[in-house]
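Every chain is numbered from 1 and lettered A, B, ... according to where its sequence line falls, protein lines coming before strand lines.
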Protein chains: 2
Amino acid sequence: MTSVSDQPSTARARVTIREVAREAGVGIKTVSRVVNGEPNVAAATAERVRETIARLQWEPDAHASNLRRTNTRTRTLGLLLGSVDNPFAATIHRAIEDVAIHRDVAVFASSLDEDPAREIAAVEAFVRRKVDGLILTCAAGSQSYLAEVVPPEVPIVFIDREPADFTADTVRSDNLGGSTLATRHLLAQGHRRIAGLFDRSAIWTSQQRREGFARAMAEYGVAPDQLDAMSDLTTPQAAEATVLELLGSPTAPTAIFSAQNRITVGAVHALRKLGRQHDVALVGFDDVELADLIDPGITVVAQRPAAMGQAAAERLFEQLDARRAGDPLPAVDAVLPVDLVCRGSGEIRPSAPTD
Amino acid sequence: MTSVSDQPSTARARVTIREVAREAGVGIKTVSRVVNGEPNVAAATAERVRETIARLQWEPDAHASNLRRTNTRTRTLGLLLGSVDNPFAATIHRAIEDVAIHRDVAVFASSLDEDPAREIAAVEAFVRRKVDGLILTCAAGSQSYLAEVVPPEVPIVFIDREPADFTADTVRSDNLGGSTLATRHLLAQGHRRIAGLFDRSAIWTSQQRREGFARAMAEYGVAPDQLDAMSDLTTPQAAEATVLELLGSPTAPTAIFSAQNRITVGAVHALRKLGRQHDVALVGFDDVELADLIDPGITVVAQRPAAMGQAAAERLFEQLDARRAGDPLPAVDAVLPVDLVCRGSGEIRPSAPTD
DNA sequence: TTGAAAGCGTTACCAC
DNA sequence: GTGGTAACGCTTTCAA
């Protein structure tokens with residue numbers, strides 16, 4: 001009665017490694033060896049097992065494997081971005097996915113909306129799910145919490161922004177150099193009254209870009225406290241309103257440096273509304289789609305989000321491999337270059353040249 | 001020797017439910033009850049357990065729990081998109097994440113690049129990871145494989161495109177109505193020679209939009225076989241080249257219907273290159289960023305990707321709840337309306353009116 | 001109200 | 001080469 005019944009491979013019920021072993025007439029460990037590509041299995045046996053797996057349509061249970069595996073890899077990665085629907089972040093995301101897929105690693109993506117609490121909650125959720133590694137954009141003022149929340153064997157790579165109170169690999173753009181470059185470009189056209197428009201000042205990149213703006217202005221003799229710099233512009237609408245106001249004032253700027261893609265969009269809208277797009281110069285940080293089709297084309301300092309994503313993912317896997325081998329790599333701060341793309345808006349000269 | 005040692009809560013090593021139980025002086029089942037909010041635990045006991053959990057910083061292992069749990073929820077969801085960096089898809093992604101986060105569900109996102117093999121591989125990877133549900137954009141010609149690959153208790157919602165050979169909930173735009181609307185809009189301006197530019201014909205939405213285009217043209221007496229319709233334009237570059245060629249021919253169209261966002265971008269580039277953007281009419285399907293800042297503004301049939309994502313995620317969770325309660329909901333085909341947004345390019349009249 | 005014991009589906013260890 | 005058997009960290013079952 002308890003003997004092997006000759007039921008055909010019926011029910012789509014749940015197929016386990018045991019059924020496969022029984023059907024193939026081998027031990028369960030042998031099946032395990034085959035699926036994991038371990039040595040010490042006769043070619044013929046392996047073939048038979050593979051055939052059985054295919055016939056029974058068995059899929060190994062990832063959770064069960066990870067439970068016992070010492071080298072525990074969930075083949076899973078946690079990615080935290082400003083927002084998955086921001087073009088800059090989405091490009092990073094895609095590049096990371098392209099690296100991860102080669103290792104059969106799946107990506108959990110989360111948006112943080114500049115909310116420190118959400119950053120911590122997302123990291124905790126990733127850790128609970130035992131991700132192999134983390135690629136993080138940070139919103140919180142300090143990343144010291146990571147030391148207690150993330151196990152030491154889980155590598156972390158920061159992307160786009162440098163962390164505070166925590167040391168780990170970072171991949172980011174040359175924000176300082178880029179914003180200096182952008183500002184100098186406007187100064188070189190003869191502009192002296194240049195308005196700098198920035199995102200919320202709590203964001204690391206926003207601070208860096210503001211610093212770059214200030215440095216370039218200082219080179220031309222403008223003291224930091226005399227800067228026409230507006231921070232905390234969190235939406236295109238806020239940027240638009242600010243530009244409308246600035247240009248209405250008696251000391252209106254002749255040029256604008258917009259330090260983030262959404263701010264650039266708002267600024268362009270404002271200039272159009274006033275019909276002054278051929279009159280007031282504009283350079284933006286981070287590229288914008290269709291920037292070349294607008295009249296005038298928008299001059300920007302373009303970042304390399306795809307390269308950033310790729311570099312971050314590759315570094316993460318290097319760390320993973322190194323740590324499994326026993327020696328973690330030292331943290332590296334990778335800075336990617338940015339490119340000034342001249343399309344017209346940044347090459348407008350002031351109506352009454354200062355120089 | 002084997003008695004309980006009074007080691008202080010040392011090593012950040014791995015804390016398990018057993019340690020917590022031992023420290024709190026209760027059985028492990030009681031700890032389990034507390035973390036899962038099950039009844040039959042004295043308030044004082046529960047409090048003591050919670051205190052111990054906090055002190056030991058224990059995080060339950062999600063994989064271990066899911067192994068034995070019958071009601072197995074990994075609080076995980078698989079999302080397959082054309083590409084995570086396409087703005088349309090990225091907006092859907094964000095909307096889904098916003099619904100999922102309320103249920104503490106994490107989202108695995110994957111891109112398929114219109115590759116049928118990648119679709120299947122991605123779904124298998126999701127299933128292996130025991131996701132609670134799937135939201136899929138499909139590239140394969142048939143989704144019949146899902147019946148064998150996806151366990152019946154895992155709900156599937158299709159987004160953007162209808163599946164073939166498989167029945168499940170679908171959330172999509174009114175592609176047929178939208179493309180008819182777009183084409184009629186051009187016809188109403190007096191255009192009769194209208195070129196239709198489409199994505200690869202294997203894609204469901206591409207077929208639908210082509211059908212809508214054909215129907216509207218037929219209303220004005222143009223037979224399907226006389227249509228100026230170009231398919232398989234997979235990149236903006238291809239679209240641009242096609243438009244350049246079309247406009248150079250003796251029977252050049254006076255208007256263009258571009259059936260996808262990247263095709264629209266290519267078409268605009270071509271028109272600019274020829275300096276004919278104020279001369280040849282253009283209506284695109286799916287909105288494009290900064291379309292209002294270009295001169296002329298691009299008239300489009302706008303979809304509602306955020307609403308699509310939200311609807312799909314909500315439907316998925318409804319199905320999940322219903323199935324756990326024992327009665328799956330019948331499959332529904334939700335069709336979201338599209339909106340004609342007139343910005344100028346679609347309102348250009350033919351130089352030599354036909355009517 | 002509580003906890004001991006028996007799984008869940010896989011991999012690790014060690015005999016054969 | 002091969003296959004038992006004991007984990008892995010938790011939930012379920014069931015007896016106390």
Counting any heavy atom closer than 4.0 Å, what does B:P39 reach on the DNA or RNA strands: base, sugar-phosphate only, or nothing?
-> nothing
May I ask you to evaluate whether B:S32 reaches the phosphate of D:dC10, defined as a side-chain N or O under 4.0 Å from OP1 or OP2?
-> no
Taking 4.0 angstrom as the limit, do B:R323 and B:D132 come out as a salt bridge?
-> no
Provide, to the nearest angstrom, the distance between the NZ atom belonging to B:K130 and the C1' atom belonging to C:dT10.
-> 11 Å
Is it true that A:D321 and A:R103 have a side-chain N and a carboxylate O under 4.0 angstrom from each other?
-> yes
Any ion pair linking A:R50 and A:E47 (charged N to carboxylate O, less than 4.0 Å)?
-> yes
Round to the nearest Å and state the distance from B:N36 atom CG to C:dT1 atom C1'.
-> 17 Å
Length of the line joining A:R33:CZ and D:dG1:C1', which is rounded to integer Å = 7 Å
At under 4.0 Å between heavy atoms, what does A:D61 touch on the DNA or RNA strands: base, sugar-phosphate, or nothing?
-> sugar-phosphate
Between C:dG9 (P) and A:K29 (NZ): distance, integer Å | 18 Å
May I ask you to decide whether A:E119 forms a salt bridge with A:R161, counting only side-chain N to carboxylate O separations under 4.0 Å?
-> no
Think A:T45 has a side-chain N or O under 4.0 angstrom from the OP1 or OP2 of D:dT2?
-> yes
Rounded distance (Å) that lies between atom C1' of D:dT13 and atom CD of B:E38 = 12 Å
Residue met sooner reading DNA chain C from 5', once B:G25 and A:V35 are mapped to nucleotides = B:G25
Quick one: is D:dG1 close enough that its OP1 or OP2 comes under 4.0 Å of any side-chain N or O from A:T30?
-> no
With the side chain defined as heavy atoms from C-beta on, B:I28 is closest, among D:dT2, D:dT11, C:dG9, to D:dT11
From the options D:dT2, C:dG9, D:dT11, select the nucleotide whose nearest atom is closest to the side chain of B:R68.
-> D:dT11
In whole angstroms, how far is the C1' atom of C:dG7 from the CG atom of A:L67?
-> 12 Å
Under-4.0 Å side-chain N/O to phosphate OP1/OP2 contact, B:N40 with C:dT2 | no
Among side-chain atoms of A:E23 and A:T52, is any donor-acceptor pair under 3.5 angstrom?
-> no
Can you tell me the distance, in whole Å, between the CD1 atom of A:I17 and the P atom of C:dC8?
-> 15 Å
Nearest-angstrom distance from the residue atom CH2 of B:W58 to C1' of D:dG9 = 9 Å
